[in-house]
Trainee: 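Could you have a look at this structure, given as structure tokens, before my questions?
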Number of protein chains: 2
Amino acid sequence: MRRFKIPEVTVGRLSLYLRCLNELEEEGIEVVSSAELGRRCGVNPAQIRKDLAYFGEFGTRGVGYYVKELKEDIKRVMGLNKTWEVALVGVGNLGTALLRYKGFQRHGFRLSVAFDHQTEGKDVPEGCELYHSSEMERVIRERGIKVAIISVHYSQAQQVAEELARAGVKGILNFAPVRIQLSKGVVVRNVDMGTELEILTFYLTMKGTR
Amino acid sequence: MRRFKIPEVTVGRLSLYLRCLNELEEEGIEVVSSAELGRRCGVNPAQIRKDLAYFGEFGTRGVGYYVKELKEDIKRVMGLNKTWEVALVGVGNLGTALLRYKGFQRHGFRLSVAFDHQTEGKDVPEGCELYHSSEMERVIRERGIKVAIISVHYSQAQQVAEELARAGVKGILNFAPVRIQLSKGVVVRNVDMGTELEILTFYLTMKGTR
DNA sequence: TTAGTTTTGTGAAAGTTACCACATGGAGGG
DNA sequence: CCCTCCATGTGGTAACTTTCACAAAACTAA
């Protein structure tokens, strides 16, 4: 079974496995079974094996998976064996926090450029260059950046996304509470914190909390 | 068809419909069909009707849905007809940004207390009180807060979650890159920005970008 | 009242995703 | 070398989600 249509849930779990494998490696564990991995990250063992089977055969029957190897295999499959340059658009509260967020680096992402309508008085971390929005298309095109984060006001998100697409960006992580509509060719993922909280309160309300 | 087990995707879409209904209301549109609503938020009309059917009959055949009514119905179903007090734990980069994020208020959430190990020199917005972590369990219990956001370092997330659960919190929105494990009775939702970016690069890699 | 139009609510089909259960094959011991 | 043990890889099935398609209902107009 090899690379056809991979469900999104599977890809999300790969990322989860990766994190878990990193922990195992830190603990000095060299081999892990799908049963143990499943226990650790709360996924059914058969599920794990099926997920991995989309991409090849990584395990050894009767033994399990070699932690280091599997980790590298998943990274390769997900395109994480190289560093990705990422552009961030919208250096407000959230944008600033994202720029300073250490987690991205750990995953092999480098937020190397940021854009805003207002560059005065904005403080970006070292290694990141701040440009005025009017330079966005040019800079992104010149650097060949393929991934961008949108953290602008929701009223501008759609427009910014379209501009990013024109500049050659192929993947967008959108924090604005809007479902961005783009012609295909660009992958958009939405992180909507308002919705997340609402899903939470829904379940609390169902269970009669409060 | 009425309240049994509601799929999580359905709940997420309810939140989406709500946002769309707000826009319709602002535009002065009073009635909307599932077809039009579906077009606007990119969801199949039958899907919308099925989603709503879990909770009752809100439409009028041959007419559609009254925007204002449906909005109120969805808000009621999701428990959004009242304000929820929310506690935030971990006032670092991300925590600070979340405290200042205006989006939560719009959805009827009030971040009224924040906790951190280090309260000196932290600047929280008006209307929000900052306490030392050692006070967390007491303050949350006294105020009867049921919802919390975790934005601490991942190494502390599990422990904080357990403490929150002891304090009576029933819903947790976790921004730390860890799958929190709690005995049932508490709903946990994870927002993992690293994973989101990884899913993005996976699809770019598949499509041969770069 | 009746005929015509429109859009809901929903049973059933189609399409996905998760899980079970077991044959398969590698590893190690005797 | 063979036999046993063990965990993978996978066919089949169950569970769940989405979509189709149409009867039922409401509104309109004559």
Side-chain angles (χ1 to χ4, degrees), chain A residues 1-17 20-21 24 29-71 73-74 77 179 199 202-203, chain B residues 1-17 20-21 24 29-71 73-74 77 179 199 202-203:
Chain A
M1 204 196 283
R2 256 173 200 279
R3 21 190 92 190
F4 244 67
K5 219 209 114 223
I6 316 291
E8 195 171 297
V9 273
T10 289
V11 185
R13 281 192 299 262
L14 286 185
S15 172
L16 179 61
Y17 304 154
C20 205
L21 289 167
L24 286 162
I29 295 168
E30 295 188 349
V31 181
V32 68
S33 66
S34 60
E36 170 61 11
L37 189 58
R39 203 190 48 69
R40 288 204 176 216
C41 55
V43 176
N44 179 299
Q47 181 80 79
I48 296 183
R49 299 198 297 273
K50 264 272 157 69
D51 284 340
L52 296 175
Y54 280 109
F55 306 99
E57 305 195 358
F58 303 114
T60 308
R61 296 180 186 210
V63 178
Y65 300 91
Y66 292 94
V67 171
K68 203 158 185 164
E69 266 182 39
L70 183 58
K71 196 186 104 174
D73 284 331
I74 294 181
V77 159
R179 279 286 178 287
I199 294 174
F202 169 82
Y203 285 111
Chain B
M1 205 196 285
R2 257 174 198 278
R3 22 190 91 190
F4 244 65
K5 221 209 113 225
I6 316 292
E8 196 171 295
V9 273
T10 289
V11 185
R13 281 193 299 262
L14 285 185
S15 172
L16 179 61
Y17 304 154
C20 205
L21 290 167
L24 286 162
I29 294 167
E30 295 188 348
V31 181
V32 68
S33 67
S34 61
E36 170 62 10
L37 189 58
R39 203 190 49 70
R40 289 204 176 215
C41 56
V43 176
N44 179 299
Q47 181 80 81
I48 297 182
R49 299 198 297 272
K50 264 270 153 71
D51 285 341
L52 296 175
Y54 280 108
F55 306 98
E57 305 195 358
F58 303 113
T60 308
R61 296 179 187 211
V63 178
Y65 300 90
Y66 291 95
V67 171
K68 204 159 185 164
E69 267 182 40
L70 183 57
K71 197 186 104 175
D73 284 331
I74 293 181
V77 159
R179 280 286 178 287
I199 294 174
F202 169 82
Y203 284 112

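In what follows, chains carry the letters A, B, and so on, assigned in the order in which the sequence lines appear, proteins first and then strands, with residues in each chain numbered from 1.
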Trainee: More 5' along DNA chain C: A:G62 or A:P7, using each one's nearest nucleotide?
Mentor: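 Final value for this comparison: A:P7.
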Trainee: With rounding to the nearest 0.5 angstrom, report the CG to CG distance, A:D73 to A:L52.
Mentor: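 CG of A:L52 is found 9.0 Å from CG of A:D73.
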Trainee: Rounding to a whole Å, what distance do you find between A:L16:CG and C:dA18:P?
Mentor: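 Answer to the nearest Å: 13 Å.
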Trainee: How close or far is atom P of D:dC16 from atom CG of A:N44, stated in whole angstroms?
Mentor: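 In whole Å, D:dC16 P lies 14 Å from A:N44 CG.
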Trainee: Does a side chain donor of either A:Y17 or A:D51 reach within less than 3.5 Å of an acceptor in the other side chain?
Mentor: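 Short answer, yes.
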Trainee: For B:Y66 and C:dT8, is the shortest distance between a side-chain N/O and OP1 or OP2 below 4.0 Å?
Mentor: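 Checking C:dT8 against B:Y66, no side-chain N or O comes under 4.0 Å of OP1 or OP2.
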Trainee: Quick one: B:E8 CD to C:dA18 P, roughly how many Å, whole number?
Mentor: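 It works out to 12 Å between those atoms.
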Trainee: Mind calculating the distance between OH (A:Y65) and P (D:dC6) to the nearest angstrom?
Mentor: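 Rounded to whole Å, this separation is 18 Å.
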Trainee: So how far is it from A:L21 CG to A:R40 CZ, rounded to the nearest 0.5 Å?
Mentor: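 Output value for this atom pair is 10.0 Å.
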Trainee: How many whole angstroms separate atom CG of B:D51 from atom P of D:dT19?
Mentor: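 Rounded to whole Å, this separation is 10 Å.
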Trainee: Return the value, rounded to whole Å, for the distance between atom CD of B:E36 and atom C1' of C:dT6.
Mentor: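 Interatomic distance, CD of B:E36 to C1' of C:dT6: 15 Å.
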Trainee: CZ of B:F58 to CD1 of B:I74: how many Å apart, nearest 0.5 Å?
Mentor: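 So the gap between those two atoms works out to 7.5 Å.
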Trainee: Tell me whether the side-chain N/O atoms of B:S34 come closer than 4.0 Å to OP1 or OP2 in C:dT8.
Mentor: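 Yes, within the criterion.
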Trainee: Is there a donor on the side chain of A:R61 or the base of C:dT24 sitting less than 3.5 Å from an acceptor on the other?
Mentor: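 Pair found.
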Trainee: I'd like to know if B:K50 reaches the base of C:dT10 with its side chain such that a donor and an acceptor end up less than 3.5 angstrom apart.
Mentor: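 No.
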Trainee: How many whole angstroms separate atom CG of B:L37 from atom C1' of C:dT6?
Mentor: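 B:L37 atom CG is separated from C:dT6 atom C1' by 17 Å.
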Trainee: Expressed as a whole number of angstroms, how long is the span from B:E57:CD to D:dA24:P?
Mentor: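 It is 14 Å, rounded to the nearest whole Å.
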Trainee: Hey, does the side chain of B:R49 come within less than 4.0 Å of C:dT8's phosphate (OP1/OP2), counting only N and O?
Mentor: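 It does, given that an N or O in the side chain of B:R49 lies less than 4.0 Å from OP1 or OP2 of C:dT8.
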Trainee: In Å, rounded to the nearest 0.5 Å, how long is the span from CZ of B:R39 to SG of B:C20?
Mentor: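 Between B:R39 CZ and B:C20 SG, I get 9.0 Å after rounding to 0.5 Å.
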Trainee: Both A:A46 and B:A46 contact DNA chain C. Taking the nearest nucleotide for each, which residue is further toward the 5' end?
Mentor: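 Closest to the 5' end, via its nearest nucleotide, is B:A46.
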